[in-house]
Amino acid sequence: AEEMGSCVSTEPGAEAGGKGKGQGSKKLSKHASAGVNAPPKRAVGAVGGLDDDDDEDGGGGGGRGGGGADGGANGEHKPRQPKKGQGAGSVVPVDHSTCPTCKKDLRNAESVKVSLGRSFHPECYVCPKCKKDMRREDPVDHDGFPYHENCYLELFGEKCDACGEVVVGEKCEALGKLFHKKCFVCDVCKQELQGQIHHENGKIYCNKDYTETFKPRCGGCARALEGFFIVALDKKFHKDCFCCETCKRPLKEYEEVDGKAYCEMCDPNRKLFVCSICAVDLAGKPFVENLWKEPYCPEHEGMYPSCTSCSTMVCQLPTGNEPPLCKHCKESVNVDNEKTADLRNKVMDDLKKSAGLVIPKSFPVRLVKQDEINKYASKTHKGMPHCTRYDGPDPKEILVLNGLVIEEVESAVAHEMGHIYMNLNGFPDLKPIVEEGVCEMFRVKYLEAQVDEDPNFGFGPQMRPDAVERKARVVSNQHMVFGGGYRGLNDGMRSSRMNFEQALNHIYKKKWFPN
């Protein structure tokens with residue numbers, strides 16, 4: 001892309017130059033159009049003795065003061081000198097004995113015309129192009145010959161590279177070429193070019209047509225791509241153009257079959273699409289999905305309990321006295337005390353990567369019953385599924401309710417890491433709403449670091465569905481200490497434009513949320 005060349009309109013006489021070889025300095029006459037290069041006019045010399053200034057010229061006979069010392073009978077004359085302020089014209093050898101037009105001898109001529117520093121037969125003082133008499137015209141000098149202004153422009157004026165006509169008035173210069181302003185147009189839409197231009201393969205384009213002509217094309221609508229786009233199936237798509245081959249809905253996840261993209265429901269290779277509760281065929285029918293994409297009939301909504309772990313609707317009734325768990329969470333309840341060390345290390349690593357929070361010392365995580373948690377929990381934590389057990393003022397271990405799914409155990413450990421962080425860094429005693437607000441922010445920072453391992457063809461990392469749900473539960477928690485503490489800290493960080501690390505420093509000093 002190049003910036004458009006300059007478009008200017010020059011005043012008469014403001015621009016010098018021309019294209020004739022050997023020409024002298026030039027400027028426009030008082031009748032010339034603005035913006036055209038032309039040489040200066042010369043004062044017309046005397047014709048015989050008819051001019052009032054003929055007393056300065058030699059030969060010619062019959063005129064007032066004719067027949068000077070060097071003129072008279074033999075027709076010779078003394079060349080007239082330019083008046084003050086008159087340009088010198090082109091530097092050419094001057095031969096006043098020969099007419100430059102007809103090349104004949106002037107020495108026996110009855111009269112001569114002296115002009116432009118040369119001598120002519122009066123009848124030979126004509127425009128070289130149109131051959132019209134120039135004795136009563138205002139000439140334009142080119143190489144010592146008198147031209148009509150229009151004739152000069154046709155022969156020697158600057159031409160528009162688009163239409164080939166002489167450029168008069170406003171002009172545009174771009175890409176080393178000269179154009180009329182009206183001729184400087186896009187080669188596609190033919191509109192006058194303004195602002196940014198592009199040139200490719202010898203053609204000039206406006207920004208819109210260049211984009212349409214040369215930018216990559218969408219594999220769906222075939223229009224030019226700009227900004228964000230999706231790469232899939234070895235093609236590029238606008239976000240809204242990457243759709244299922246069957247239902248035409250925009251895709252975030254897809255199945256490729258024979259080079260075409262399908263949503264999970266329309267996948268030709270998938271098993272029969274049925275309700276997860278009543279097994280009715282849902283193909284072509286409205287349906288609802290729970291958090292883990294299990295489809296079910298809309299009429300089942302609200303008829304079944306919510307999962308005690310992830311809060312999504314359970315698509316099957318619990319058996320016996322077990323708490324209701326969805327299919328995903330039921331398969332995830334396989335945590336034992338041998339795996340808690342790995343879970344703790346994962347939580348510490350994720351907190352360090354996502355929020356720069358470093359816990360200098362690790363503590364064991366133990367899965368226990370609720371009674372043991374209540375035994376060591378603070379008044380605020382009574383009844384909660386997790387707490388930190390202290391030995392005097394020092395943390396000893398993290399206690400988490402046995403039977404929780406892996407994701408819930410990790411979330412609980414992240415909360416307790418907040419208590420341990422403040423203890424090890426010497427935070428002063430804080431009000432429960434402040435301390436629990438900080439710990440809930442630890443939980444949220446950990447959940448925000450939980451992303452899909454497969455980000456799905458270029459949409460970028462996204463939070464896992466269960467992490468999104470758990471974060472939403474923290475944000476909407478109506479508990480005065482836990483939910484209220486989180487919202488107080490989060491609102492303070494926003495209003496004071498602090499990140500979490502800065503907010504922790506503020507709380508360390510002020511014992512209260514930033515504001």
Side-chain angles (χ1 to χ4, degrees), residues 188-189 205-304 306-307 310-316 326-329 331 448 450-472:
V188 177
C189 66
Y205 300 87
C206 64
N207 198 53
K208 177 183 176 182
D209 288 317
Y210 180 81
T211 298
E212 289 293 326
T213 305
F214 295 102
K215 290 292 179 69
R217 298 279 169 175
C218 173
C221 67
R223 296 196 304 270
L225 290 168
E226 288 190 282
F228 176 82
F229 58 85
I230 296 168
V231 179
L233 306 178
D234 297 325
K235 297 179 182 179
K236 299 174 181 177
F237 299 85
H238 293 110
K239 183 179 180 180
D240 295 332
C241 293
F242 185 56
C243 301
C244 172
E245 185 70 22
T246 302
C247 67
K248 306 304 180 184
R249 294 178 180 176
L251 294 170
K252 290 187 177 180
E253 299 179 354
Y254 74 100
E255 299 293 336
E256 181 179 355
V257 180
D258 297 330
K260 297 179 180 179
Y262 296 88
C263 65
E264 183 180 3
M265 301 300 105
C266 300
D267 181 4
N269 296 330
R270 78 182 300 274
K271 296 180 180 179
L272 186 63
F273 180 49
V274 298
C275 173
S276 300
I277 297 174
C278 65
V280 170
D281 185 5
L282 293 177
K285 298 179 181 179
F287 63 92
V288 183
E289 292 180 336
N290 68 4
L291 184 65
W292 304 106
K293 305 299 181 182
E294 293 178 300
Y296 54 91
C297 302
E299 53 265 29
H300 297 316
E301 183 75 19
M303 295 177 60
Y304 287 75
S306 296
C307 175
C310 66
S311 299
T312 193
M313 193 180 91
V314 177
C315 291
Q316 54 278 330
C326 67
K327 182 179 178 181
H328 170 83
C329 292
E331 293 172 352
E448 289 176 345
Q450 307 314 299
V451 297
D452 286 331
E453 294 181 1
D454 181 8
N456 297 320
F457 56 86
F459 282 104
Q462 299 176 348
M463 287 179 64
R464 290 196 323 248
D466 67 294
V468 173
E469 175 62 29
R470 287 182 171 85
K471 178 182 176 180

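In this structure, Y254 has its ring center closer than 6.0 angstrom to the ring center of F242.
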Working note: I230 + K236, criterion side-chain contact (heavy atoms from CB on, under 4.5 Å); need CA distance, chi angles, decisive distance, verdict. CA-CA 6 Å; I230 296 168; K236 299 174 181 177; over 6 Å; no
Salt bridge (charged side-chain N to carboxylate O under 4.0 Å, His left out) between D466 and R464, worked out: CA-CA 5 Å; D466 67 294; R464 290 196 323 248; 2.9 Å; yes
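Ring geometry for H300 versus Y296: interplanar angle of 30 to 60°, hence tilted.
Nearest heavy atom pair, residue L282 against residue C297, reads CD2-SG, 3.9 Å. Of all non-hydrogen atoms in E448 and V451, the two that sit nearest each other are O-CG1, 4.4 Å. Among all heavy-atom pairs drawn from V288 and E301, the shortest one is CG1-OE1, 3.6 Å. Residues A467 and Q450 share a closest heavy-atom pair of CB-CB, 3.9 Å. Considering all non-hydrogen atoms of both residues, M463 and K471 come closest at CE-CD, 4.3 Å. Shown here for C244 and C263, the closest heavy-atom pair between the two residues is SG-N, 3.4 Å.
With a 4.5 Å cut-off on side-chain heavy atoms, K239 and F229 do not count as touching. Under the 4.5 Å side-chain criterion, counting only non-hydrogen atoms from C-beta, D267 is in contact with V257. Between H238 and L225 there is a side-chain heavy-atom pair separated by less than 4.5 Å.
Side-chain atoms of S276 come within 3.5 Å of backbone N or O of P295 as a donor-acceptor pair.
A distance of 11.5 Å separates CD in E255 from SG in C266, rounded to the nearest 0.5 Å. Distance NZ/K235 to SG/C241: 12.5 Å, rounded to 0.5 Å.
By the side-chain hydrogen bond (donor to acceptor under 3.5 Å, both in side chains) test, Y262 pairs with no residue at all, sequence neighbours left out.
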